[in-house]
**Q** 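One structure is given below, represented as structure tokens, and several questions about it will come after.
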Amino acid sequence: MADHLNRFLVLTVLLGLFLRFCHGGVTSTFVRKVEKTIDMPLDADVFKVPSGYNAPQQVHITQGNMDGSAVIVSWVTQDEPGSNTVLYGTSEDNFEFHAKGKLTQYTYYNYTSGFIHHCTLRNLKFSTKYYYKVGIGNTTRHFWFTTPPEVGPDVPYTFGLIGDLGQSFDSNSTLSHYESNPIRGETVLFVGDLSYADNYPNHDNVRWDTWGRFVERSVAYQPWIWTTGNHEIDFAPEIGETQPFKPFRHRYTVPYKASGSTAPFWYSIKRASAHIIVLSSYSAYAKYTPQYKWLEAEFPKVNRSETPWLIVLMHSPWYNSYNYHYMEGETMRVMYEPWFVQNKVDIVFAGHVHAYERSHRISNVAYNIVNGECTPVDDRSAPVYVNIGDGGNLEGLAANMTYPQPKYSAYREASFGHAVFSIKNRTHAYYEWHRNQDGDAVVADAMWFYNRYWSSADDSITIFS
Ligand SMILES: *[C@@H]1O[C@H](CO)[C@@H](O)[C@H](O)[C@H]1NC(C)=O
Ligand SMILES: *[C@@H]1O[C@H](CO)[C@@H](O)[C@H](O)[C@H]1NC(C)=O
Ligand SMILES: *[C@@H]1O[C@H](CO)[C@@H](O)[C@H](O)[C@H]1NC(C)=O
Ligand SMILES: *[C@@H]1O[C@H](CO)[C@@H](O)[C@H](O)[C@H]1NC(C)=O
Ligand SMILES: *[C@@H]1O[C@H](CO)[C@@H](O)[C@H](O)[C@H]1NC(C)=O
Ligand SMILES: *[C@@H]1O[C@H](CO)[C@@H](O)[C@H](O)[C@H]1NC(C)=O
Ligand SMILES: [Fe+2]
């Protein structure tokens with residue numbers, strides 16, 4: 001009898017602990033010193049124009065096709081169009097290949113852009129370091145990148161996560177911490193809101209140029225996968241600018257056609273062991289729209305035997321418990337969440353809210369307008385939702401949270417920072433979020449992910465907070 005009682009007690013305590021781990025949402029006790037977030041001045045070191053006549057600037061790369069064997073190299077020349085050609089090769093002193101790109105230019109109100117070059121390097125070998133140079137003829141600049149391993153189910157690969165970056169002193173800390181993170185990110189998944197140029201009078205596009213020069217130190221050497229946010233819309237009829245996404249479209253190219261998409265705002269890529277779907281919160285997504293039809297056709301193409309990890313990027317979060325942008329993602333959630341659960345998406349990264357939050361595995365798909373079942377519930381087939389809009393832009397931190405913390409929210413903290421998602425094999429991935437704390441990067445949230453297709457184990461336990 002006593003033995004039974006003891007066992008019962010032990011079980012109760014264990015169960016209690018388990019439930020607490022599963023449901024005890026944590027609001028971080030770390031309180032960041034709230035200082036004004038200010039943009040770096042135009043003469044900041046990170047905005048320096050490279051020296052030399054017509055020197056290429058704002059060099060950036062992104063994936064160029066479906067499987068990562070192509071890379072798009074983009075850059076801007078200011079004085080004259082200059083050469084469209086990229087020379088590249090696998091050794092530093094033998095640029096055996098060349099590719100010719102395309103040139104574009106745009107005006108925005110009274111701003112005229114430099115000469116914007118986009119050039120796709122194709123048929124690259126996997127897991128290979130390539131050296132490349134741009135600006136052939138006048139001032140040449142040299143860079144390098146490493147191609148991803150061939151797509152396959154157990155290929156380890158590490159993604160960095162950055163959102164809502166902007167160009168403040170805090171943005172610079174976030175980028176520096178990402179660069180110095182001992183868990184080396186090989187590709188950045190960027191969840192939207194790049195330069196915040198639109199916060200300047202007439203959306204001063206000079207701030208698109210400074211942003212391009214600021215992030216070059218990372219994005220010229222490793223691809224950043226682009227998602228569009230509201231700060232990319234640049235819709236300003238009051239100054240005659242009525243074509244949404246005009247600066248973004250000219251400056252940032254993405255391989256959307258490779259996934260059968262008809263616009264550069266929603267598309268997918270495969271990289272190593274991940275299938276990454278990029279969605280647009282600011283393009284139509286209702287039934288019958290191009291984005292809806294594309295996504296409906298996309299899910300059946302995901303082959304978890306080839307790419308076990310299914311990751312979705314979007315700008316406006318579906319689950320967010322801060323008092324900012326509350327419910328803005330709700331209509332897209334209503335449209336697409338059932339698909340995410342049916343297709344066992346592993347993780348969704350969003351930005352927009354300038355703070356950090358991670359959810360448990362939950363879904364809210366039972367509601368049908370009359371049954372009243374509109375509460376998020378635990379759901380092991382559902383993704384974890386991460387808000388990583390904490391890059392550090394000039395709009396400052398989102399520090400006002402709703403109370404009590406909703407049960408679906410596992411961890412939330414109003415700090416700037418970045419994260420890494422490190423895939424080990426088809427079943428395991430290690431995820432870690434770093435806050436910017438007085439100049440240091442401090443691990444503040446972490447989780448081992450068990451793949452939703454290859455493992456039925458519950459992984460919603462915070463191991464570090
Ligand atoms: C930005 O960060 C880099 C690297 O940490 C540093 O060298 C540079 O001085 C910083 N610039 C500004 C304006 O803070
Ligand atoms: C554009 O117009 C604004 C004011 O309307 C002015 O301050 C700025 O200098 C102009 N820029 C250029 C490049 O003409
Ligand atoms: C830049 O290069 C082009 C093509 O090689 C050449 O025609 C032009 O004279 C050069 N400009 C200067 C200032 O060297
Ligand atoms: C899925 O990928 C696996 C491994 O690459 C392959 O053997 C299989 O044929 C693919 N399935 C489909 C339906 O394409
Ligand atoms: C936080 O947001 C709520 C809801 O919008 C608002 O009522 C409240 O005044 C805000 N608190 C602070 C300190 O700004
Ligand atoms: C997958 O990775 C995890 C974490 O590194 C490891 O514990 C596990 O043994 C690996 N699985 C296989 C089949 O190698
Ligand atoms: Fe945003």
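Numbering of ligands and ligand atoms starts at 1, following listing order.
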**Q** Which of the numbered atoms in ligand 1 are below 4.0 angstrom from a heavy atom of Val46?
**A** 1 (C), 11 (N)
**Q** Any N or O on Ser305 sitting closer than 3.5 Å to an N or O of ligand 4?
**A** no
**Q** From the N, O or S atoms in Asp193, identify the one nearest to the Fe ion (ligand 7).
**A** OD2
**Q** Should Thr62 and Ile225 count as side-chain neighbours, where that means a heavy-atom distance under 4.5 Å?
**A** yes
**Q** Could you identify the N, O or S atom of His315 positioned closest to the Fe ion (ligand 7)?
**A** NE2
**Q** Strictly below 4.0 Å, N to O, side chains only: are Asp234 and Arg249 in salt-bridge contact?
**A** no
**Q** Would you mind checking if Glu179 and Arg217 are paired as a salt bridge, meaning a charged N to carboxylate O distance below 4.0 Å?
**A** yes
**Q** Using a cut-off of strictly less than 2.8 Å, determine whether His352 has an N/O/S atom near the Fe ion (ligand 7).
**A** yes
**Q** Does atom 13 (C) of ligand 4 have any protein heavy atom closer than 4.0 Å?
**A** no
**Q** Restricting to N/O/S atoms, is Asn230 within less than 2.8 Å of the Fe ion (ligand 7) or not?
**A** yes
**Q** Looking at Arg426 and Asp154, is any side-chain nitrogen of the basic one under 4.0 Å from a carboxylate oxygen of the acidic one?
**A** yes
**Q** Return the option from Asp45, Asn172, Leu175 holding the heavy atom at the smallest distance from atom 7 (O) of ligand 1.
**A** Asp45
**Q** I'd like to know if the Fe ion (ligand 7) has an N/O/S atom from His231 within less than 2.8 Å of it, counting both backbone and side-chain atoms.
**A** no
**Q** Report whether any nitrogen, oxygen or sulfur of Asp164 sits less than 2.8 Å from the Fe ion (ligand 7) (N, O or S, backbone or side chain).
**A** no
**Q** Using a 6.0 Å distance limit plus a 45 degree cone around the ring axis, check whether Arg412 lies over the aromatic ring of Tyr403.
**A** yes
**Q** What is the closest protein heavy atom to atom 11 (N) of ligand 4, and at what distance does it sit?
**A** Asn303 ND2, 2.9 Å
**Q** With no hydrogens and no angle check, do the side chains of Ser171 and Thr174 hold a donor and an acceptor under 3.5 Å apart?
**A** no
**Q** Considering only heavy atoms from C-beta outward, does the side chain of Asn364 approach that of Tyr319 to under 4.5 Å?
**A** yes
**Q** Under a 4.0 angstrom heavy-atom cut-off, which atoms of ligand 1 come close to Ser176?
**A** 2 (O), 4 (C), 5 (O)
**Q** Please determine whether a side-chain nitrogen of the Lys or Arg among Arg333 and Glu330 lies less than 4.0 Å from a carboxylate oxygen of the Asp or Glu.
**A** yes
